[in-house]
Student: 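Next up is a structure, given as structure tokens.
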Amino acid sequence: MKEELNILIQAQYPLIYLVTSEEERAEQAISTIAQTSKPQRRVYVWTVTHGIVEYGQPRNVTQHNTVSPEAAIEWIIRQREPGIFILKDLHPFIDAPATTRSLRDAIAGFKNTQKSIILMSPMQQVPIELEKEVVVLDFPLPDMGDLNKVLSHHLDSYRGRRLPTDGREKLLRAALGLTKDEAEKVYRKAQVTSGRLTENEVDIVLSEKKQLIRRNGILEYIEEDATIDAVGGLEELKKWLKQRSNAFTERAREYGLPQPKGMLILGVPGCGKSLIAKTTSRLWGLPILRLDMGRVYDGSMVGRSEANLRNALKTAESISPAILFIDELDKSFAGSAGSGDSDGGTSSRIFGSFLTWMQEKKSPVFVMATANRVERLPGEFLRKGRFDEIFFVDLPTPEERQQIFNIHLSQRRGDISRFDLEQLSKMSEGFSGAEIEQAIVAAMYEAFAQDREFTQLDIIAAIKATLPLSRTMQEQVTALRDWARQRARPAAASVAEYQRMEF
Ligand SMILES: Nc1ncnc2c1ncn2[C@@H]1O[C@H](COP(=O)(O)OP(=O)(O)OP(=O)(O)O)[C@@H](O)[C@H]1O
Ligand SMILES: [Mg+2]
């Protein structure tokens, strides 16, 4: 990114929009670029409180009469020397006609002047008049090198012991995804909590990070104890996932393998889509972050939703390699397909930015999305190449139902030899995994109320009392299966088995 910014400045791009909430770090980076560029450039910073101040100068050394945005831009136009002009607080004014006009006038006169204006803002909000003139850049969160400086500084100030390389790397990795200020706070907290900062404090740093990420409210760290063995059936899907266990390692890159991009799991409700997505985190040994699209949308301010999505994706990238889990993709992007105008086009813009991100992402963030209402899913998601694979999770086959009974009974009782799994499987034709689990739980309640152990017969009674979704919503389920058969890869054991099934 710094390289890109450098190139833009050398190439005399007149207007650059830098999205970041870390003003200090960004200013430092820009100042470094300014000093090393030829010819050297001076850096000026405009704020709505002080007007224009040269970077590095005390705040009271301001240029006269530059507090209003128009006056500041006028001043910039008058400058003859090469310079970089950072406008920090312009986004609240940017929609004002006078501001947009002055910006356009300014950059029109910038040709061959080696002057650039950088708009710095925590959110991207470019008025349509400027869209053609502006280049938008995301200022990335601190990388390992940046964090290393933070950590060294911290250790110096606490006169901490030198850390072994391993421990250092763990502490740095644990802070990935945080801003510089946040990393400082997290290290300080760990230090204060246990009186030192060593490899043993990694867990404190990690749990602080989880909290910080949770506080921003859009991404959520998921902790899932279940392993992939807690999922019954879905052999093809499991095989696919197991094959890719080491897909994000250096070794895989050296071997020449491309990085997996993501997968979409479609299917009947209650058949283990969310469960398998969550257990992949353990299988691959990568953190899993749930992106809550419902929380991305925020109508309180123009551009707010976009900023939310950007920040979330940026955080995920900085924590990568990681899994980004989007449950119920169909609900997240439902509005974007047709009647997206009701919210001023926000949902279709969000959808667009998300697709672009998926298309262009280079960082090892694996997108795992699930959906069950395919007709509500924008077609763009289903185009080849968007996801590495689209799997269809159908109702479990008889063998799969046996496995699911086995799993859920074993989770509850040590010895399950008294249950006839084959019979249970036969009786529960058309049941989803969730319904099988529910039947077991219902049987247990029944027996518990009578103060006895539950039996095969209790489960059978519960099964008989259940009307599965596949029957109550038969049309939807059939439509989904017909649809998926032609477009997605079956997640179950074998295609033949899958095609034999019908009801
Ligand atoms: N194949 C399975 N093996 C074991 N348990 C299962 C399976 N399928 C479903 N379950 C049980 O049902 C619960 C609900 O399943 P899950 O939330 O994964 O379904 P889903 O496919 O995501 O459904 P929805 O479309 O409604 O979100 C799981 O937590 C698990 O206990
Ligand atoms: Mg689900």
Side-chain angles (χ1 to χ4, degrees), residues 220 222-241 263-283 288 290-294 323-334 367-377 390-413 416 421 424-425 428-444 459 462-463 466 468-470 472-473 476-477 479-481 483-484 488 490-493 497-498 501:
E220 180 198 355
I222 305 184
E223 331 247 357
E224 176 65 52
D225 293 329
T227 65
I228 199 152
D229 297 325
V231 188
L234 314 184
E235 289 307 326
E236 276 295 307
L237 175 51
K238 284 184 192 163
K239 196 168 105 196
W240 195 92
L241 290 171
M263 75 186 315
L264 173 60
I265 311 179
L266 300 171
V268 183
C271 290
K273 297 186 295 294
S274 304
L275 182 64
I276 202 154
K278 286 187 272 182
T279 56
T280 305
S281 160
R282 286 267 308 263
L283 182 72
I288 179 166
R290 190 210 312 262
L291 174 62
D292 187 340
M293 287 304 296
I323 301 172
L324 185 69
F325 174 39
I326 310 177
D327 211 7
E328 314 193 326
L329 189 70
D330 43 344
K331 290 192 187 120
S332 314
F333 291 108
V367 177
M368 242 179 152
T370 75
N372 50 39
R373 299 280 298 273
V374 281
E375 75 281 4
R376 289 206 306 201
L377 208 58
I390 301 177
F391 274 103
F392 174 60
V393 174
D394 204 342
L395 288 166
T397 61
E399 291 77 19
E400 289 182 319
R401 288 201 298 275
Q402 273 195 48
Q403 278 185 37
I404 298 172
F405 271 111
N406 191 346
I407 288 167
H408 284 286
L409 286 170
S410 305
Q411 278 171 8
R412 290 166 174 85
R413 288 295 181 266
I416 60 160
L421 301 179
L424 292 176
S425 160
S428 56
E429 167 117 53
F431 275 51
S432 69
E435 284 158 347
I436 289 177
E437 187 183 11
Q438 279 314 304
I440 295 175
V441 172
M444 288 174 73
I459 303 178
I463 290 173
T466 308
L469 212 67
S470 60
T472 55
M473 291 178 45
Q476 280 99 318
V477 174
L480 175 61
R481 300 172 114 193
W483 185 94
E497 192 163 29
Y498 159 87
M501 287 182 61

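We count ligands from 1, going down the list as the structure has it; atoms in each ligand are counted the same way.
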Student: May I ask you to identify, for A434, whether its side chain, its backbone, both or neither come under 4.0 Å of ligand 1 on a heavy-atom basis?
Tutor: both
Student: Do side-chain atoms of N372 reach the backbone of V268 as a donor and acceptor pair under 3.5 angstrom?
Tutor: no
Student: Measuring from non-hydrogen atoms of C271 to any atom of ligand 1, is the shortest distance under 4.0 Å?
Tutor: yes
Student: Would L275 count as being in polar contact with ligand 1, using the rule that some N or O on each side must be under 3.5 angstrom apart?
Tutor: yes
Student: Say whether, by atom type as modelled, one donor and one acceptor occur between the side chain of D330 and the main chain of A371 under 3.5 angstrom.
Tutor: no
Student: Is a side-chain donor or acceptor of T370 paired with a backbone partner of E328 at a separation under 3.5 angstrom?
Tutor: yes
Student: Could you tell me whether some N/O pair between G272 and ligand 1 is separated by less than 3.5 angstrom?
Tutor: yes
Student: Within the structure provided, determine whether L469 and S432 are in side-chain contact (heavy-atom separation under 4.5 Å).
Tutor: no
Student: Can you pull out the closest protein heavy atom to atom 23 (O) of ligand 1? Residue, atom name and distance to 0.1 Å, please.
Tutor: G270 N, 2.7 Å
Student: Please examine the side chains of F392 and R481, heavy atoms only from C-beta on, and report whether any two atoms are closer than 4.5 Å.
Tutor: yes
Student: Is the backbone of V231 close enough, under 3.5 Å, to the side chain of K238 for a donor and an acceptor to pair up by distance?
Tutor: yes
Student: Looking only at distances, can you tell me whether any N or O atom of P269, backbone or side chain, sits closer than 3.5 Å to an N or O atom of ligand 1?
Tutor: no
Student: Short question: side chain of S425, backbone of L421 - any donor-acceptor pair under 3.5 Å?
Tutor: no
Student: Under 4.0 Å, heavy-atom basis, I'd like to know which part of E437 is in contact with ligand 1: side chain, backbone, both or neither.
Tutor: side chain
Student: Rounded to the nearest 0.5 Å, what separation is found between the CG atom of L329 and the CE atom of M293?
Tutor: 8.0 Å
Student: Under a 4.0 Å heavy-atom limit, does E400 contact ligand 1 with its side chain, its backbone, both, or neither?
Tutor: neither
Student: Would you call Q403 a ligand 1 contact, heavy-atom distance under 4.0 Å?
Tutor: no
Student: The Mg ion (ligand 2) and N372: any N/O/S contact shorter than 2.8 Å?
Tutor: no
Student: Would you mind checking which non-hydrogen protein atom is closest to atom 17 (O) of ligand 1, with the distance to 0.1 Å?
Tutor: S274 CB, 3.8 Å
Student: Give me the residue, atom name and distance of the protein heavy atom closest to atom 25 (O) of ligand 1.
Tutor: N372 ND2, 2.5 Å
Student: Just need the protein heavy atom nearest to atom 6 (C) of ligand 1, so name the residue and atom and give the distance.
Tutor: H408 NE2, 3.8 Å
Student: Check whether any side-chain N or O of R282 sits under 3.5 Å from a backbone N or O of T227 as a donor-acceptor pair, and report yes or no.
Tutor: no
Student: Do ligand 1 and I404 have nitrogen or oxygen atoms that lie under 3.5 Å from each other?
Tutor: no
Student: Is a donor on one side and an acceptor on the other found under 3.5 Å between the side chain of S428 and the backbone of F431?
Tutor: no
Student: Would you check whether V231 reaches within less than 4.0 Å of ligand 1, judged by its heavy atoms?
Tutor: yes
Student: What is the nearest protein non-hydrogen atom to atom 27 (O) of ligand 1, stated with its residue, atom name and distance?
Tutor: E328 OE2, 3.6 Å
Student: Using a 3.5 Å distance criterion without hydrogens, assess whether the side chain of E400 forms a donor-acceptor pair with backbone atoms of T397.
Tutor: yes
Student: Select the closest option to atom 1 (N) of ligand 1 among G433, A230, G232, judged by heavy-atom distance.
Tutor: G232
